[in-house]
Q: 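If you scroll down you'll find the structure; I have some questions about it.
Counting starts at 1 for both ligands and their atoms, following the listed order.
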Amino acid sequence: MDAFANLFRDCCNAVVIADHQSKIVFANKASHMLFGDELSVLFERTSSACLCKVNADSQSPIFSPPFEEVLLNKSFCDREFLLRASYLEEDRWLTITGHPFILPETNFKGGMLIIHDITHYKKTSFQESEALSYSNEIGLVNHAMFVDRVKHALIRTQRNNIRIAILSLSVQHRNTSHKQYPCPQNDKRLLEVIDGLKQVLEPEHTLSRIRENEFLILVEDVISYSQVTAIAQDIHTSLLTLSETRTVDYSGSVDIGISLGSHCCLDAETLLRQAESAMQESKQSPSKQYCVFEDPNQTDISNTLYLEIALEKAIANRELFLEYQPIFSVRHKTIIGVESLVRWQHPEKGLLPPSRFIPLAEKTGLIIPLGLWVLEESCRQLKQWQMTIPEAQQLFVSVNMSSKQFSQNSILEEISNVLQIVNLSPKSLVIEITESVLIENSSSIVEILEAIRKMGIKLSIDDFGTGYSSLSYLHRFPFDTLKIDRSFLENADSDFEKLEILQSMVRLAWNLGLEVVAEGIETQKHFAQIKALRCESGQGYLFSRPLKSSAVEALIKQQVNNCSSLNKADN
Ligand code: C2E
Ligand code: MG
Ligand code: MG
C-alpha cells in the first residue's frame, strides 16, 4: 500500500482505499480535508454527514454510500454526489469514480474511490443559468440568441461590406464580490446597470447578459473604429452618472473589451473570444477605459478600422514625426520660413506620407489630437532654432490645420496655450488652411480667423485654386498669404492657358493685398516663371525637399555662412 501512499499523497483529488471488510487502509490529505473525521460517510450515513447520489434527470439526491457498490465488485465513473454535513459551511458537489481491485502478491481485496470536488463549477453554472433565465425576463437576449445574431450579422457584412463589433463588459460594484448568487439587492443594482447601458445603446444594438455581472453588446453596421470606442466611452460616462444619482458606486468599475470583425476574417466564436480576451486585458490596465483586441493577422492598413486603431496608438507611441520644407524668398534666395509636414514611421509598413492617414484622421476625429501635437511640436522646434541660431529669429513656421480643428470651440484657446507653453511669438507662426475650411465652417469661421489674426498669427490659404472658393468669396476672409497649388506651375511654360490662370491668380492676390507663395518649384524653368510673375516666395524640390529637423538646422547654419546656399540646398 506504500506505493499508493506515495502516488496519491499530494494529489488534489481525494483518494480513499478500503479493504473488503470496509476498513479504510489509505486516505490522502485531500480526503481528510474534504471529509474531516467523517470518512465513514463513504460507507454509511453518519450522525452528522450524508452522501447522496444525484439523479441526472431530476437532480433530486438519493442516499447512496459509494463504497457499498465498489465492495460489491461494481465500478462507476464520474458519478455525481452531494455531501451534506454539519461540519461544512455549505453542501459540496462531488464526482466520484469507484473501482474494485485485487493485489495478488499481498492478497489484498478491496476498492478505491477518487473524489473530485466540483462545487465551484456547479455554482458558476448555476449562476449562469440563473443569469440566462433572468436575461429573458428583462428583455435581453440570452447567450445562444446573441451568438446567433452575431452569425447573422457576419453574413450581412458579406453583402454590404461593412463591419461589426462586439463589446464584452464586466461591471464590478464596489464592496461587492463578483461571484454571488443573485439576491434582491443585486437585482436592483443589476436593473440599474442595464438601465445605464440601454441609455447608451441604440435600438439596433443587441445587449445580452451572460454571467452575473458580464454583458455582451453587438454593434452592427460599423463604419469607423471611433464609432465603437465612443460607445465604450459613453458606457463609462453613463455608469458613472448612475453612481452619482443613485446609491450604488460604480466608479472605475467597468472593464470593456472590443473585437472587430467582418465575414472574411472571423467567425462568431472567435470574435466573442477576442472580445473576452480584450476585456481581461482591460481588467489588467485600470488606466484604460477599454481595450481593443488586436488581431496580428489584420494589420492591413487599407482596412480603415485597423488603420484607425494603429493611428490612435501611433499618436500615443510617438511614431509620428515632422519634416520641414524650407520656404525661400524668391528675390534673395534665402530661407524665410519652413512648412511642417507630418510623417508616420509605421512599425511594420515603414514610412507613410500624410496622404495615407490624414484623410482618415480627419474622418474619425483623430486629427484633433494629431493636429494639436503637430502645432506644438512645430512651434517647439522653431523656438529651439531661434534660441540656438540668432539668424533664425526672423524665420516662421507654417503649420497645416484641418477644417475639423476649426469646428472645435476651443481652437483659439489651444493655439494661444501652445504659444504660451513654448514661448513662441505669434509673429513666428503661420497657419495654413485649405479652401475646405471656409466651405465646411462658413458661418463661424470668419470670426475665428479674425481672432487668430488679432493674436498676431498669419493666415495662409493653401493649395489655392484646387477648391471651390470663388474670387468674391475670398475677400471676406482675413488671409495674409495665398499659396498657389503646384498643379498650376506644372507645364505653365508650355501651356498658355495655365500661364494665364497663374497670372490672374497672382494679380488677384495682389488686389486683395495678399503675398504669394508658389508651391512645387521643381525646375529652373518653374523658378524663372514665378520670378517673372513676381511671386514673393516659394517652396519646392529645386530649393529643398522636406527635411528632418537636423538637416534644416544645418541648412540654416549654412545660409548664415554662405548667402549663396540656394544651389547647394537642392538635394
Ligand atoms: P501641402 O500643405 O500642400 O504640402 C505640400 C506638399 O507638397 C508636401 O507633401 C510636400 O512634400 C509636397 N511638395 C513640396 N515641394 C514639392 C515639389 O517640388 N514637387 C512635388 N511633386 N511635391 C512637392 P506631403 O508632405 O506629402 O503633404 C501632403 C499634404 O498633406 C499637405 O499638402 C497637407 O495638405 C497635408 N499635411 C501634411 N502635414 C499635415 C499636418 O500636419 N496637418 C494637416 N492637417 N495636414 C497635413
Ligand atoms: Mg501646406
Ligand atoms: Mg499646398
Q: Taking atom 38 (N) of ligand 1 as the reference point, report whether a protein heavy atom occurs under 4.0 Å from it.
A: yes
Q: Are there over 12 heavy-atom neighbours, none belonging to E204, within less than 6.0 Å of that residue's CD?
A: yes
Q: Restricting to N, O or S, what is the name of the atom of E432 that lies nearest the Mg ion (ligand 2)?
A: OE1
Q: Measure the distances from the heavy atoms of G520 to every atom of ligand 1 and state whether one is below 4.0 angstrom.
A: yes
Q: Return yes if a side-chain donor-acceptor contact under 3.5 Å exists between Q280 and E276, otherwise no.
A: yes
Q: Which of these, I358, L489, I521, N400, has its nearest heavy atom closest to atom 34 (O) of ligand 1?
A: N400
Q: Does a donor on one side chain and an acceptor on the other come within less than 3.5 Å for T237 and D234?
A: no
Q: So which heavy atom on S340 is nearest to which on V374, and how close?
A: OG-CG1, 4.0 Å
Q: Aromatic ring centroids of Y324 and W385 under 6.0 Å?
A: yes
Q: Is the distance between the Mg ion (ligand 2) and the nearest N/O/S atom of S398 smaller than 2.8 Å?
A: no
Q: Output the distance between atom CG (N213) and atom CG (L169), rounded to the nearest 0.5 Å.
A: 11.0 Å
Q: Do you know which two heavy atoms are closest between D255 and M279, and how far apart they sit?
A: O-CG, 3.6 Å
Q: Counting neighbours of CD on Q393 that are heavy atoms of other residues, nucleotides or ligands and sit closer than 6.0 Å, is the number greater than 12?
A: yes
Q: May I ask you to check whether S355 has an N/O atom sitting below 3.5 Å from an N/O atom of ligand 1?
A: no
Q: Any donor-acceptor pair under 3.5 Å linking the side chain of E536 with the backbone of V516?
A: yes
Q: For atom 23 (C) of ligand 1, which of F464, Y541, F357, W373 has the closest heavy atom?
A: Y541
Q: Please state which protein non-hydrogen atom is closest to atom 11 (O) of ligand 1 and give its distance, to 0.1 Å?
A: P546 CG, 3.3 Å
Q: From the options R545, E519, Q539, select the one residue that forms a side chain to side chain donor-acceptor pair (under 3.5 Å) with Q325.
A: Q539
Q: Looking at atom 21 (N) of ligand 1, what's its closest protein heavy atom, distance included?
A: E522 OE2, 3.0 Å
Q: Counting each atom of ligand 1 from 1 as listed, which ones have a heavy atom of G540 under 4.0 Å away?
A: 15 (N), 18 (O)
Q: Determine whether the side chain, the backbone, both or neither of D463 has a heavy atom under 4.0 Å from any heavy atom of ligand 1.
A: side chain
Q: I'd like to know: is the Mg ion (ligand 3) within the 2.8 Å range of an N/O/S atom from D485, strictly under that distance?
A: no
Q: Heavy atoms only: which of L375, V342, I433 lies closest to atom 40 (C) of ligand 1?
A: V342
Q: So between I367, T434, L341, whose heavy atom ends up nearest atom 4 (O) of ligand 1?
A: L341
Q: Please write down residue, atom name and distance for the protein heavy atom closest to atom 27 (O) of ligand 1.
A: P354 CG, 3.3 Å
Q: Give yes if a backbone or side-chain nitrogen or oxygen of E519 is under 3.5 Å from a nitrogen or oxygen of ligand 1, and no if not.
A: yes
Q: Quick one: does R486 get within less than 4.0 Å of ligand 1, heavy atoms only?
A: yes
Q: So which of the N, O or S atoms of D462 lies nearest the Mg ion (ligand 2)?
A: OD2
Q: Without swapping roles, check the side chain of S537 against the backbone of V330 for a donor-acceptor pair under 3.5 Å.
A: no
Q: Using only N, O or S atoms, tell me which atom of E519 is closest to the Mg ion (ligand 3).
A: OE2
Q: Show the nearest heavy-atom pair for residues L459 and R453, with the distance to one decimal.
A: CD1-CD, 4.3 Å
Q: Measuring from the Mg ion (ligand 3), name the closest N, O or S atom belonging to D463.
A: OD1
Q: Restricting to N, O or S atoms, which atom of E339 is closest to the Mg ion (ligand 2)?
A: OE2
Q: Is ligand 1 under 4.0 Å from a heavy atom in the side chain of P353, in the backbone, in both, or in neither?
A: neither
Q: Could you tell me which non-hydrogen atom of I231 sits nearest to which non-hydrogen atom of V200, and how far apart they are?
A: O-CG1, 3.9 Å
Q: Give a yes or no on whether atom 19 (N) of ligand 1 lies under 4.0 Å from any heavy atom of the protein.
A: yes
Q: Centroid separation under 6.0 Å, is that true for the rings of F488 and F464?
A: no
Q: Can you give me the closest heavy-atom contact between L352 and F357, atom names plus distance?
A: O-CE2, 3.5 Å
Q: Could you pull out, from R545, R343, Q325, E339, the option with a heavy atom nearest to atom 25 (O) of ligand 1?
A: R343
Q: Would you verify whether the NZ or CZ of R149 falls within 45 degrees of the ring axis of F146 while also being under 6.0 Å from that six-membered ring's centre?
A: no
Q: Can you find an N/O atom of E362 closer than 3.5 Å to an N/O atom of ligand 1?
A: no
Q: For D462, which part has a heavy atom under 4.0 Å from ligand 1: side chain, backbone, both, or neither?
A: side chain
Q: Considering the heavy atoms of V374, write down every atom of ligand 1 situated less than 4.0 Å from one of them.
A: 41 (O)
Q: Do ligand 1 and Q405 have nitrogen or oxygen atoms that lie under 3.5 Å from each other?
A: no
